Amino acid sequence: MKFKPGKSFKNMKFLGLFLMLQWSVCAGYAQTLQKEYTLSSPDKKLEIKIHQQSNGNYCYSFSANNKLLIDRSPMGFETVKNGTIPSTGWIVTAQDRKTVNGTWKPVWGKRQQVSDHYNELTIKLSSAINSSDKMNVVLRAYNDGVAFRYLIPQESKVEQTVLSEFTGFNFAGDFTAWYYNFERHNIGPELLSQADGERMPVMTIKASGNQYMAIHEACLDEGEPLKLRSKKGNLLFSVTSKPQKLHPGYHSAWRVIFFGNTPGKLVDSHLLELLNPDPKMDFSWVKPGVALWDWRIDGAVWEGFHYEMNYTSWVKMIDFAAKQGFPHLVLDANWYGPEFSKDSDPLKGDKAKDVQNIIRYGKQKGVGVWLYLNDVGGKRSPIEKTLEQYHQWGAAGVKYGFMAGSPEEKNIRTKMLTELCAKNKLLVDFHDGPVHPYGQMRTWPNAVTREYCKAQLDGRDIFYPKTFVTSAFVNMIAGPVDMNNGMFDLRQGKTTRKDNNMEVPSTVVSEAARTLITFSGATVIPDIPEYYEKYPELLNFLSAQKMPWKESKTLAGEIGEYIVTMRQASNGVYLVGTATNEKGRLLQIPMSFLPQGTFVAEVIEDGDNADYLTNRETYKVVKKNIRRNDVLNVKLAAGGGACIKLVLKQ
């Protein structure tokens, strides 16, 4: 059936055709505006507008610094019963505005204190045909982005099955974009017009040299996680995920548009967390930090000792962690039997006694032990019983892998597991195609990380230097990621590791720097103690990563090119990590983030002939006095990096 101009929506036989009508209206074809509702950020630089058309349809636009970046874009839902909500016959009954200027103090995160400053507009809508059908559209504008969501008030009679969500992002230019791409290298750089088919958030966009955006969602309580779709030659990206029903009390996830004049501003933002509610229980027991990991040590050999995933090796790892001040050791798969076997019992498994013993030993040394559990084992017995048992054993956390089900089912189970872990004082890390982060760490600070990335060592294909410096500006915008950087065994050719013996294309300095750059509540490092002790200056850099961070800032960087990250570990201790793609480069790093005073800087650079393919383990160290008005020059090898530790001089 073809759309004919002038044909009434009421007479359409197919509700899906309204999308064509809605889109043509929002694009401004042959329609005049009835009213606009404008919301600006506190600093007046960002602006989101809701446009109400003369026929009752709604769309929005977004501008930054007086430049239109997202043109009129569709809004609303298509339902089975009443067609499109809101649409023809829906009117604005009221609008409420408020300003909030507060402070969020996270249990842990990128910084100790976060400004929670925004303007909010709630547009209240009602159906003129049936006044009991109501919907609110809530908009928020922060200085680093905007967001909107749909609410069905409790007093509304709306109770309808959803066919699709109309929300879209109609970009005002053919910008360049990058996208999350599961356990593969990110998609991009790609012109928006070249995207064809499904794209996954985070979607990071470069509109110009000083205009960057990112698209994601926050506070997903029900429905499918966000997915986007575009057709080649088009600049409209449509939301293809949807809730199952609209019902009284329903609230959609926030549709979030980040904005920054550098890509680093997107990485440093807290928009997603701020759009989630505060925690409802005490999380003072959550302790973030560096964690050793036993999966990649399996098969390593050092002076006649063969590392395995067993008690003897665990003791060596615990002793090393205690010596360096690392708070955790993560035990991975097969401790309770073959991980995909339905006969493997996560309560009475093969090494359950050894696991309980190493947990006790770790407690004596001040090191917490995490336990692996996948969906097969997690469903073998009531998960409440399993997690309660791990708590009674004294475990510190759970690494949960290979969750089965649809994206919506996985989100429901992820939320359930996170809450159960919190009740049992367990940290949690989700792996193997997890639901994307959407700011949960504010409500559930025990959700310290997840493998929302191509983990560096957890795959069969090569992880390139460009993969890291792309993921840092795409995946990491969503939240804390477990990338497993920090491999110091960088020999050329195959290693002796059992699961994945492929060589790592990186430099040892870059490996250390990446552990700092990657934001995570559990910085999981994969190598044996002896390889870390082989490089004492780099080991000291790892040991100085004391969380929670007091402050963090992306000092410089370009997507897919390089990144420079600063984190303040404690009063008077600042750490800087830099990493580059396959191209070597010279960087000038202003020290203006430092307070007044003289700092002793230990600068670790790649060696003169270092290269991520041919000469990975060479580096050089210099010490010098630094003040905040100085500029530090560092040289990065191809695929390399630099590590800088700054300590206030007494």
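Computed from a predicted model, the values in this text were never measured in an experiment. The chain is numbered in sequence order, starting from 1.
Remark: the Q324 side chain and the S543 side chain contain an N/O donor-acceptor pair separated by less than 3.5 Å. There is a side-chain donor-acceptor pair under 3.5 Å between S510 and R514. Side-chain polar atoms of T386 and S381 form a donor-acceptor pair below 3.5 angstrom. Judged by distance alone, the side chains of N475 and N186 do bring a donor and an acceptor atom under 3.5 Å apart. A donor atom on one side chain and an acceptor atom on the other are found under 3.5 Å apart for T518 and N485. Defined by atom type and a distance below 3.5 Å, a donor-acceptor pair is missing between the side-chain atoms of E617 and Y531. Side-chain polar atoms of Y619 and E537 form a donor-acceptor pair below 3.5 angstrom. Between the side chains of D294 and W314, at least one donor N or O lies within less than 3.5 Å of an accepting N or O. At a cut-off of 3.5 Å, with distance as the only test, a side-chain donor of D268 or T554 sits close to an acceptor on the other residue. A side-chain N or O of Q456 and one of E511 form a donor-acceptor pair less than 3.5 Å apart. A donor atom on one side chain and an acceptor atom on the other are found under 3.5 Å apart for Y361 and D319.
Looking at residues two or more places apart in sequence or on another chain, you find no side-chain hydrogen bond (donor to acceptor under 3.5 Å, both in side chains) involving E384. For Y562, there are no ring-ring contact (aromatic ring centres under 6.0 Å, His included) partners, not counting sequence neighbours. Applying the ring-ring contact (aromatic ring centres under 6.0 Å, His included) criterion to H431, with sequence neighbours excluded, gives no partner residue. Taking the side-chain contact (heavy atoms from CB on, under 4.5 Å) definition, one finds that T565 meets it with I517, I563, R567, sequence neighbours left out. Residues passing the side-chain contact (heavy atoms from CB on, under 4.5 Å) test with T414, sequence neighbours excluded: M403, T418, F430, V435, R450.
Around the CZ atom of F283, the shell of radius 6.0 Å holds more than 12 heavy atoms that belong to other residues, nucleotides or ligands. By the 6.0 Å contact criterion, NZ on K553 is open, its count of non-hydrogen atoms from other residues, nucleotides or ligands being 12 or less. Dense packing is recorded around NZ of K379, with more than 12 heavy atoms of other residues, nucleotides or ligands lying under 6.0 Å away. Within 6.0 Å of the NZ atom in K348, the count of heavy atoms belonging to other residues, nucleotides or ligands does not exceed 12.
Between the side chain of T467 and the backbone N or O of Y464, at least one donor-acceptor pair lies under 3.5 Å.
Ring pair H436/Y438 is perpendicular by interplanar angle, where above 60° counts as perpendicular and below 30° as parallel. Between Y180 and F182, the ring planes are tilted. Angles from 30° to 60° get that label.
Pairs of residues two or more places apart, or lying in two chains, that qualify as ring pair (Phe, Tyr, Trp, His ring centres under 6.0 Å) and include a residue from residues 501-523 are W108-F519.
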- Y372 vs Y400, ring-ring contact (aromatic ring centres under 6.0 Å, His included): CA-CA, chis, key distance, verdict: CA-CA 6 Å; Y372 178 84; Y400 200 92; 8.0 Å; no
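Because its NZ or CZ atom is not both nearer than 6.0 Å to the ring centre of Y336 and within 45° of the ring axis, K351 does not count as a cation-pi partner of that residue.
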